[in-house]
> 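My questions all concern the structure below.
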Amino acid sequence: MKKVVKFGGSSLASAEQFKKVGQIIKADEDRRYVVPSAPGKRNSKDTKVTDMLYACYDLAEAGKDFSKELAKIKARYEEIISGLKLKVSLDGEFKTIEKNFKDKAGSMYAASRGEYLNGILMAAYLGYEFVDSATVVCFDKHGNFDAEKTNKLMAKKLEKLPKAVIPGFYGADSDGKVVTFSRGGSDITGSIVARAIRADVYENWTDVSGFLVADPRIIDNPPEINTITYTELRELAYMGASVLHEDAIFPVRKEGIPINIRNTNKPEDAGTWIVESTAKKSQYTITGIAGKKGFCCVNILKDQMNSEVGFVRKVLQAFEDQNISIEHVPSGIDTMTVFVSQDEFIEKEQAVVSEIHRLAKPDMLEIESDLALIAVVGRGMKSTRGTAGRIFSALAHASVNVRMIDQGSSELNIIIGVETRDFEKAIRSIYTIFVDTQL
Ligand code: ASP
């Protein structure tokens with residue numbers, strides 16, 4: 001078996017954490033390809049090395065003295081080196097970094113050094129080969145990730161290496177300029193490596209024991225989800241449930257490789273399995289609930305809208321022209337509603353309104369703000385009678401006024417729009433009916 005193991009920043013924040021990681025890797029000889037993040041926070045008041053690097057580079061770019069800041073970053077690594085008694089010196093690396101900062105190598109280069117240096121330490125600690133991601137993770141001239149080129153290069157490189165450390169988060173374009181993924185992007189690197197070596201599993205080690213059924217800031221101690229499909233995860237992640245970077249599922253999905261979210265501080269926990277498809281039932285009728293505040297909607301009314309060919313297109317055109325992405329479009333016979341993100345919309349609302357009038361000539365148009373969307377997701381809903389009924393009766397009992405209902409065609413999710421002030425109450429009532437009653 002071949003396993004790719006990715007460790008997040010909090011799993012590698014100190015020598016103590018490195019030791020736990022070392023034990024986890026040594027406990028299973030299939031754990032052969034390791035993708036580290038940069039050192040994260042050691043406690044809640046601490047700063048991630050990636051953030052320190054961005055701040056340090058800002059000074060460099062402004063032509064200010066950054067030596068103190070760089071020394072603090074170096075100290076983070078020195079602490080790990082001495083705690084692990086490694087015979088490695090990063091003096092040369094820091095000289096190069098200092099020079100490149102002075103030469104304004106770019107903030108992506110700067111941020112990438114967090115994972116690069118941690119990769120060097122990890123490789124020394126484990127006795128694994130170090131592979132600089134700039135040589136195997138490819139971006140095009142516009143900074144877009146080139147999945148196929150990367151896959152070929154990475155597969156070729158790792159074919160010859162039975163064990164390797166490949167730092168997360170960055171790669172390079174064809175000119176050799178370092179490019180990073182968006183924040184949290186080491187998850188993507190792990191997935192890319194797993195695809196390239198056709199791993200049996202991609203283990204993503206973090207500081208929680210998996211995906212939770214609901215947001216712990218709203219629900220006390222929600223249980224972990226045992227198994228979730230890629231599609232269910234996409235739905236929940238889109239609505240704000242975050243453990244894994246949103247784009248991390250795409251590379252492994254191509255090869256049907258499962259992801260196992262694990263907890264470095266509780267390695268005995270089974271964690272959450274993210275799979276393409278499964279015969280396993282979820283613990284409850286629903287797999288999870290997630291939601292987001294900050295939406296508004298535009299209600300449009302026009303008599304006999306249903307028989308006017310092209311009406312919906314014209315309305316949506318007005319949003320497209322202003323480059324606003326649309327969340328949901330529930331409709332009636334003479335009405336349609338367009339849900340959009342409030343922040344994105346607010347600046348351009350009047351331009352959109354006048355364009356809707358110009359293109360579609362509605363009888364009435366009205367904007368409502370401060371709405372929230374809640375996604376109730378579950379592969380089990382399709383085959384369970386009465387799920388929607390239970391959701392809406394729970395909401396009615398909690399006196400939540402439902403403003404919008406949208407059931408995806410896959411019957412995998414039901415999206416509910418509520419007023420922002422009802423958001424937490426709505427989530428709690430749905431959670432109670434499915435999880436507390438164990439059905
Ligand atoms: N170190 C980067 C960040 O803080 C990438 C990662 O940890 O995945 O965003």
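Counting convention: from 1, in listed order, for ligands and their atoms alike. Excluded from the calculations below are hydrogen atoms, water molecules and symmetry mates; all remaining heavy atoms, backbone and side chain alike, are included. Treat the numbers as computed from the prediction; the structure is a model and nothing was measured.
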> Is the closest heavy atom of G114 to ligand 1 under 4.0 Å?
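No heavy atom of G114 comes that close to ligand 1.
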
> Using 0.5 Å steps for rounding, measure from the OG atom of S282 to the CZ atom of R379.
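The distance works out to 4.0 Å.
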
> Just jot down the ligand 1 atoms closer than 4.0 angstrom to any heavy atom of S186, in number order.
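Close to S186: 5 (C), 6 (C), 7 (O), 8 (O).
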
> Evaluate G9 for polar contact with ligand 1, using N/O atom pairs at a separation under 3.5 Å.
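Checking ligand 1 against G9, no N or O pair falls under 3.5 Å apart.
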
> Identify the protein heavy atom lying closest to atom 7 (O) of ligand 1, giving its residue, its atom name and the separation to 0.1 Å.
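Result: S37 OG, 3.1 Å.
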
> Is the shortest distance from a Lys or Arg side-chain nitrogen in K425 or E419 to a carboxylate oxygen in the other one below 4.0 Å?
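No, K425 and E419 are not salt-bridged.
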
> Is there a ring pair (Phe, Tyr, Trp, His ring centres under 6.0 Å) between F181 and F139? Walk through the geometry before answering.
CA-CA 10 Å; F181 292 110; F139 289 83; 5.1 Å; yes

> Would you check the N or O atoms of K6, main chain and side chain alike, for any that come under 3.5 Å of an N or O of ligand 1?
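No; every N/O pair is 3.5 Å or more apart.
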
> Of R183, K48, E115, which has the heavy atom at the shortest distance from atom 5 (C) of ligand 1?
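Result: the heavy atom closest to atom 5 (C) of ligand 1 is in E115.
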
> Among residues at least two apart in sequence or on other chains, which ones pass salt bridge (Lys or Arg N to Asp or Glu O under 4.0 Å) with R76?
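Salt bridge (Lys or Arg N to Asp or Glu O under 4.0 Å) check on R76 returns D46.
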
> Among all protein non-hydrogen atoms, which one is nearest to atom 1 (N) of ligand 1, and what is the separation to 0.1 Å?
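Its nearest protein heavy-atom neighbour is T50 OG1, 2.8 Å.
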
> Verify whether the ring centers belonging to F66 and F101 lie closer than 6.0 Å.
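Close enough - the centres of the two rings lie under 6.0 Å apart.
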
